[in-house]
Amino acid sequence: VVWHQSLMLLNEMRLRRIDIDVVGYTAAILSVGGAGRWQDTLILLREMHNRLVEQNAMTISAARTETDNTGGTAAETAEETQLSVSFAFR
């Protein structure tokens, strides 16, 4: 499964102390989000923030698209989208 491989690659990079840049995180966000794993999308956004990796327009667009496509209630989707966007501007 591609999304799982993306997360495993990020984990391997962390273990080897390889810096993960915005491109790596954005690719992983697209992968997990495409599989409907919006919770992982938010975890990756939080990790980017914590590791001081600056998000770009592509990252935010990918995260917003994926949280908008969760299939949850409108309130849940709005709350999660707001959370993802708030991480972008911290």
Side-chain angles (χ1 to χ4, degrees):
V1 180
V2 174
W3 67 265
H4 188 262
Q5 291 173 337
S6 296
L7 294 180
M8 294 300 291
L9 178 60
L10 289 182
N11 191 48
E12 183 68 24
M13 292 175 76
R14 284 184 212 105
L15 291 173
R16 293 177 184 241
R17 299 183 188 266
I18 297 171
D19 289 334
I20 306 167
D21 64 8
V22 66
V23 174
Y25 277 110
T26 301
I29 288 168
L30 285 166
S31 180
V32 298
R37 300 185 59 85
W38 58 270
Q39 298 94 335
D40 289 325
T41 297
L42 296 178
I43 289 168
L44 290 170
L45 286 171
R46 184 176 299 123
E47 183 176 318
M48 287 181 78
H49 172 72
N50 291 343
R51 292 177 179 253
L52 303 176
V53 177
E54 189 171 335
Q55 300 162 353
N56 62 22
M58 182 67 171
T59 309
I60 300 309
S61 177
R64 184 155 194 266
T65 299
E66 300 314 332
T67 55
D68 283 348
N69 292 327
T70 63
T73 67
E76 290 170 338
T77 301
E79 181 180 358
E80 296 302 335
T81 301
Q82 181 59 42
L83 179 62
S84 67
V85 171
S86 72
F87 282 120
F89 298 103
R90 286 191 169 180

Asks: Compare all side-chain heavy atoms of M48 with those of I20 and state whether any distance is below 4.5 angstrom.
Replies: no
Asks: Is there a path of hydrophobic side-chain contacts, each under 4.5 Å between heavy atoms of I/L/V/M/F/W/Y residues, joining W3 to M13?
Replies: yes
Asks: Listing request: all salt bridge (charged side-chain N to carboxylate O under 4.0 Å, His left out) pairs with a residue in residues 24-38, at least two apart in sequence or in separate chains.
Replies: R37-D40
Asks: Flag the pair I43 / V32 as yes when at least one side-chain heavy-atom distance between them is below 4.5 Å, and no otherwise.
Replies: no
Asks: Output the distance between atom CG (L30) and atom CE (M58), rounded to the nearest 0.5 Å.
Replies: 5.0 Å
Asks: How many angstroms lie between CD in Q39 and CG in L44, if you round to the nearest 0.5 Å?
Replies: 11.5 Å
Asks: Can you give me the closest heavy-atom contact between A62 and I29, atom names plus distance?
Replies: CB-CG2, 4.0 Å
Asks: Within the structure provided, determine whether T59 and Y25 are in side-chain contact (heavy-atom separation under 4.5 Å).
Replies: no
Asks: Look only at the side chain of T26 and the backbone of V22, and say whether a donor-acceptor pair between them is shorter than 3.5 Å.
Replies: yes
Asks: Applying salt bridge (charged side-chain N to carboxylate O under 4.0 Å, His left out), which residue pairs with at least one partner in residues 13-33 are found, sequence neighbours left out?
Replies: E12-R16, R14-E47
Asks: Indicate if V2 and W38 have the same hydrophobic cluster label, given that clusters are the connected sets of ILVMFWY residues with side-chain heavy-atom separations under 4.5 angstrom.
Replies: no
Asks: Please report the closest heavy-atom contact between L45 and A63, naming both atoms and the distance.
Replies: CD1-CB, 3.5 Å
Asks: Between atom CG of L15 and atom CG of L10, what is the distance when rounded to the nearest 0.5 Å?
Replies: 11.0 Å
